[in-house]
Amino acid sequence: MHHPPLPVEQLEGFGISAADVKKLKDVGFCTVESVTYLPRNDLKNLSLKKGIKKAVINKITEAGMSL
């Protein structure tokens, strides 16, 4: 079953802080899918540039895959 794109704020229900969600939105990620399907190298760069911890990036990816 196909569902519409989920707003990135949905990640807060999976333990991602509002501050980290804001960082994602600040760089242009508005949907869970836009973050979930980023290549690993891009996620690593996001972590380095925006100060999102690697563990949080992994948690975001896991949460996105479960939705």
Side-chain angles (χ1 to χ4, degrees):
M1 180 180 207
H2 183 65
H3 60 79
L6 300 170
V8 76
E9 291 86 0
Q10 294 271 104
L11 293 171
E12 290 181 39
F14 289 86
I16 306 304
S17 73
D20 284 331
V21 169
K22 183 180 179 332
K23 290 176 187 177
L24 293 171
K25 289 182 76 173
D26 287 348
V27 293
F29 296 106
C30 297
T31 66
V32 172
E33 292 83 357
S34 65
V35 181
T36 301
Y37 297 111
L38 267 180
R40 280 295 208 204
N41 284 340
D42 291 343
L43 287 171
K44 182 179 177 184
N45 288 337
L46 179 64
S47 176
L48 293 172
K49 289 179 183 177
K50 289 312 250 174
I52 301 174
K53 295 179 182 175
K54 185 177 179 181
V56 173
I57 294 287
N58 291 337
K59 196 172 186 180
I60 289 169
T61 302
E62 290 172 15
M65 294 301 244
S66 71
L67 291 174

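Keep in mind it's a predicted model, so treat the numbers as computed, not measured.
The hydrophobic clustering, which links ILVMFWY residues whose side-chain heavy atoms are closer than 4.5 Å, places Val27 and Leu6 together.
Annotation for Lys54: atom NZ does not count as buried by contact number, only 12 or fewer foreign heavy atoms lying within 6.0 Å.
A salt bridge is absent between Lys23 and Asp26; no separation between the charged side-chain nitrogens and carboxylate oxygens falls under 4.0 Å.
Heavy-atom minimum distance, Met65 versus Tyr37: SD-CE2, 4.0 Å. Pairing each heavy atom of Val32 with each of Pro7, the nearest pair is CG2-O, 3.4 Å. Contact detail for Gly64 and Thr36: the closest heavy-atom pair is CA-OG1, 3.2 Å.
Of the listed residues (Leu43, Leu38, Val56), just one forms a side-chain contact (heavy atoms from CB on, under 4.5 Å) with Thr61, and that residue is Leu43.
Rounding to the nearest 0.5 angstrom, the gap separating the CD atom in Glu33 from the CD atom in Gln10 is 9.5 Å. For the atom pair CD1 of Ile57 and CD of Glu62, the computed distance is 12.0 Å after rounding to the nearest 0.5 Å.
For Leu24, the side-chain contact (heavy atoms from CB on, under 4.5 Å) partners are Val8, Leu11, Phe29, Val35, Leu46, Ile52, Ile60, not counting sequence neighbours.
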